[in-house]
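Report on the following structure.
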Amino acid sequence: MPMGHTATAQAGSGGLTATEHRLANGLRVVLSEDHLTPVAAVCLWYDVGSRHEVKGRTGLAHLFEHLMFQGSHQVHGNGHFELVQGAGGSLNGTTSFERTNYFETMPTHQLELALWLEADRMGSLLSALDDESMENQRDVVKNERRQRYDNVPYGTAFEKLTALAYPEGHPYHHTPIGSMADLDAATLEDARNFFRTYYAPNNAVLSVVGDIDPERTLAWIEKYFGSIPTHDGKQPPRDGALPGVIGEQLREVVHEDVPARALMAAYRLPHDGTRECDAADLALTVLGGGESSRLHNRLVRHDQSAVAAGFGLLRLAGAPSLGWLDVKTSGGVEVPDIESAVDDELARFAEEGPTAEEMERAQAQLEREWLDRLGTVAGRADELCRYAVLFGDPQLALTAVDRVLDITAEEVRDVARATLRPDNRAVLVYEPTAAEADDAADADAKGAEQ
């Protein structure tokens with residue numbers, strides 16, 4: 001049976017608790033009771049993402065996320081979706097640089113079904129993985145790439161900027177969606193080897209949150225997951241360490257059929273899980289986190305040179321995080337004018353830091369976001385898995401906001417001064433093609449007449 005657990009309500013956790021357990025095969029289990037509503041969330045994180053992929057086989061982690069819904073030994077075809085939704089639940093899965101996760105939210109009395117389904121595909125997917133399912137999901141992923149990346153305005157911006165921000169050969173140089181060529185090149189044997197290597201209980205964390213009986217839940221987990229064999233063939237991901245500053249401004253101009261000129265930039269920021277990363281999060285919230293932010297007030301309200309201006313943080317544990325700037329211009333405004341105004345605001349912030357009012361507002365905003373995540377059983381299950389997989393301790397999820405509230409204005413200023421500089425960013429400039437530019441000019445002219 002499962003061994004060892006912790007159930008301490010830490011200071012700042014709002015009374016939330018989590019118990020930790022480990023099966024003999026290495027599966028880590030985190031449980032958190034919440035009897036407010038009769039639902040339970042199951043979340044399973046595998047410690048595999050696009051950073052584990054090798055050159056020539058990008059997109060395999062994301063492709064496998066889709067294959068996991070294609071049937072297993074006892075659940076055929078679309079049966080996973082049909083059984084969960086037929087029981088009144090919801091489900092999905094996602095892939096990132098650093099993990100692949102699967103999750104269900106079920107009525108409490110259907111919790112056992114969700115656990116059985118996850119265990120069945122963890123333990124027996126290979127018996128159902130064949131050429132037909134491989135080709136089916138390969139086409140689905142390629143179509144997803146077309147719909148979400150290749151055929152929408154600014155759709156490849158994230159892919160282009162990460163390729164600039166992380167050098168060739170770096171594990172974060174490519175995004176989880178992968179390339180069309182690599183998706184075509186992936187073989188059935190590639191997929192089988194990927195499953196054997198990464199989809200093992202000792203490479204996963206399972207969290208169950210909600211209206212649960214912990215003892216009964218642990219018994220179900222042992223019953224369905226306990227016999228799945230461990231696998232020790234996983235290699236650690238390649239080192240993602242990089243200097244704290246890029247050292248130059250990297251730049252690419254893209255001419256596409258987009259509705260407006262755009263300035264996008266990725267700044268190299270501290271790793272997730274550090275005090276400096278929390279300070280950077282506050283800095284970007286003050287600068288570009290919503291309609292009260294400095295960049296929105298300057299570019300959208302005052303100058304009216306942009307229709308949207310945002311600045312957010314992509315937290316990464318295995319490589320420098322990215323500060324993500326996104327500004328869409330208004331009318332015939334040129335990008336250099338926008339860029340000059342952005343640099344002016346960043347330089348002023350690096351010199352002065354945030355005001356007391358800005359610090360209070362930014363900390364309150366991040367606290368609300370933390371409460372939103374932990375306020376639902378699904379959100380809390382995901383956060384517990386995240387901290388367990390990336391930082392080794394699910395309990396950190398329950399006190400994360402305390403670390404943000406402990407940051408000082410001086411720390412926010414210092415991280416801005418060190419990182420929000422022109423020589424520490426990859427820049428993407430979008431220029432509309434002639435047809436789009438003419439349409440925009442006509443729209444401006446009509447607007448002026450009215």
Side-chain angles (χ1 to χ4, degrees), residues 30 32 34 37 39-50 59-72 75-108 110-122 125 128-129 133 136-149 152 158 175-178 183 191 194-195 198-199 203-210 212 224-225 314 369 372-390 397:
V30 185
S32 180
D34 183 345
T37 55
V39 295
V42 173
C43 186
L44 188 59
W45 271 46
Y46 290 93
D47 186 10
V48 57
S50 59
L60 198 53
H62 180 230
L63 173 61
F64 213 91
E65 174 213 318
H66 284 257
L67 289 171
M68 285 284 277
F69 289 99
Q70 193 63 17
S72 52
V75 182
H76 303 293
N78 201 42
H80 196 110
F81 275 98
E82 293 170 356
L83 287 168
V84 170
Q85 293 173 342
S90 60
L91 73 162
N92 215 329
T94 67
T95 310
S96 76
F97 289 103
E98 301 181 324
R99 60 97 184 102
T100 308
N101 68 341
Y102 304 90
F103 44 92
E104 296 89 5
T105 300
M106 307 288 284
T108 299
Q110 296 287 359
L111 172 59
E112 185 180 8
L113 172 63
L115 294 171
W116 174 75
L117 286 167
E118 288 294 357
D120 189 58
R121 60 182 177 182
M122 178 191 282
L125 188 92
L129 185 56
S133 59
N136 178 291
Q137 292 308 304
R138 191 202 312 269
D139 288 343
V140 169
V141 173
K142 289 170 66 176
N143 196 47
E144 179 183 340
R145 181 182 170 90
R146 294 185 191 99
Q147 292 181 336
R148 295 177 55 189
Y149 293 80
V152 296
F158 181 62
T175 57
I177 192 66
L183 288 169
F194 194 87
F195 180 84
Y198 297 109
Y199 280 77
N203 194 48
V205 173
L206 171 68
S207 67
V208 185
V209 176
I212 63 173
Y224 297 120
F225 289 89
L314 173 63
E369 292 171 2
D372 286 345
R373 290 193 298 273
L374 267 67
T376 66
V377 293
R380 195 184 318 156
D382 190 60
E383 287 293 289
L384 290 168
C385 279
R386 171 176 171 250
Y387 279 92
V389 169
L390 299 181

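Not measured: the values here are computed from a predicted model. Atoms considered below: every heavy atom in the structure, side chains included; atoms not considered: hydrogens, waters and symmetry mates.
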Minimum-distance pair of heavy atoms, taken over all atoms of Leu44 and Met122
CD2-CE, 4.0 Å
To the nearest 0.5 Å, atom OG of Ser50 lies from atom CD1 of Ile177 at 10.5 Å
Hey, what do you get for CG (Leu390) to OG (Ser96), rounding to the nearest 0.5 Å?
7.5 Å
Please test Phe103 against Asp382 for side-chain contact (heavy atoms from CB on, under 4.5 Å), starting from the C-alpha separation and ending with a verdict.
CA-CA 8 Å; Phe103 44 92; Asp382 190 60; 5.5 Å; no
Taken to the nearest 0.5 Å, the spacing of Phe195 CZ from Tyr46 OH works out to 6.5 Å
To the nearest 0.5 angstrom, please state how far the CG atom of Leu67 sits from the CZ atom of Phe194.
10.0 Å
I'd like to check Leu113 versus Met106 (side-chain heavy atoms, cut-off strictly below 4.5 Å). Are they in contact?
yes
Does the pair Glu112 and Tyr224 meet the rule for a side-chain hydrogen bond (donor to acceptor under 3.5 Å, both in side chains), with working shown?
CA-CA 9 Å; Glu112 185 180 8; Tyr224 297 120; 2.4 Å; yes
Any Lys/Arg nitrogen of Glu383 or Arg386 sitting under 4.0 Å from an Asp/Glu carboxylate oxygen of the other?
yes
Between CG on residue Leu129 and CD on residue Gln70, distance to nearest 0.5 Å
9.0 Å
Are Arg99 and Thr94 side-chain neighbours, meaning at least one heavy-atom pair lies under 4.5 Å?
yes
Less than 4.5 Å apart, side chain to side chain, heavy atoms only: is that true for Leu117 and Val42?
no
Find out whether Leu384 and Val205 are in side-chain contact, i.e. whether some heavy atom of one side chain is under 4.5 Å from a heavy atom of the other.
no
Describe, in one word, how the ring planes of His66 and His62 are oriented to each other, choosing from parallel (under 30°), tilted (30 to 60°) and perpendicular (over 60°).
perpendicular
Find out whether Tyr198 and Leu60 are in side-chain contact, i.e. whether some heavy atom of one side chain is under 4.5 Å from a heavy atom of the other.
no
Under 3.5 Å, is there a donor-acceptor pair between the side chain of Glu104 and the main chain of Ala114?
no
To check you understand the geometry: which heavy-atom pair defines the closest contact between Cys385 and Cys43, and what is its length?
SG-O, 3.5 Å
Give me the ring orientation class for Phe81 and Phe69: parallel if the planes are under 30° apart, tilted from 30 to 60°, perpendicular past 60°.
tilted
Check the pair Phe97, Thr175 against side-chain contact (heavy atoms from CB on, under 4.5 Å), reporting the backbone distance first and the verdict last.
CA-CA 7 Å; Phe97 289 103; Thr175 57; 4.3 Å; yes
Rounded to the nearest 0.5 angstrom, the CD-OG1 distance for Glu65 and Thr95 is 3.5 Å
Is the backbone N or O of Met68 less than 3.5 Å from a side-chain atom of Arg121, with the two atoms forming a donor-acceptor pair by type?
yes
Heavy-atom nearest pair, Ala381 first then Ala41, reads CB-CB, 4.2 Å
Side-chain heavy atoms of Leu125 within contact of Tyr199, under 4.5 Å:
no
In sequence, state the C-alpha distance, the side-chain angles, and the governing distance for Arg145 and Val141, and then conclude on side-chain contact (heavy atoms from CB on, under 4.5 Å).
CA-CA 6 Å; Arg145 181 182 170 90; Val141 173; 5.8 Å; no
If I compare all heavy atoms of Ser133 with all of Ala128, which pair ends up nearest, and what's the gap?
OG-O, 3.9 Å
In short, Ala397 meets Leu374 closest at the heavy-atom pair O-CD2, 3.7 Å
State whether the side chain of Thr105 and the backbone N or O of Gly89 hold a donor-acceptor pair below 3.5 Å, judged by distance alone.
no
Applying side-chain contact (heavy atoms from CB on, under 4.5 Å) to Phe64 and Val48, what does each step give before you reach the verdict?
CA-CA 11 Å; Phe64 213 91; Val48 57; over 6 Å; no
Give a yes or no answer on whether the side chain of Asp47 reaches the backbone of Asn203 with a donor-acceptor pair at less than 3.5 Å.
no
Quick one: closest heavy-atom pair of Trp116 and Leu83, and the distance?
CZ3-CD1, 4.3 Å
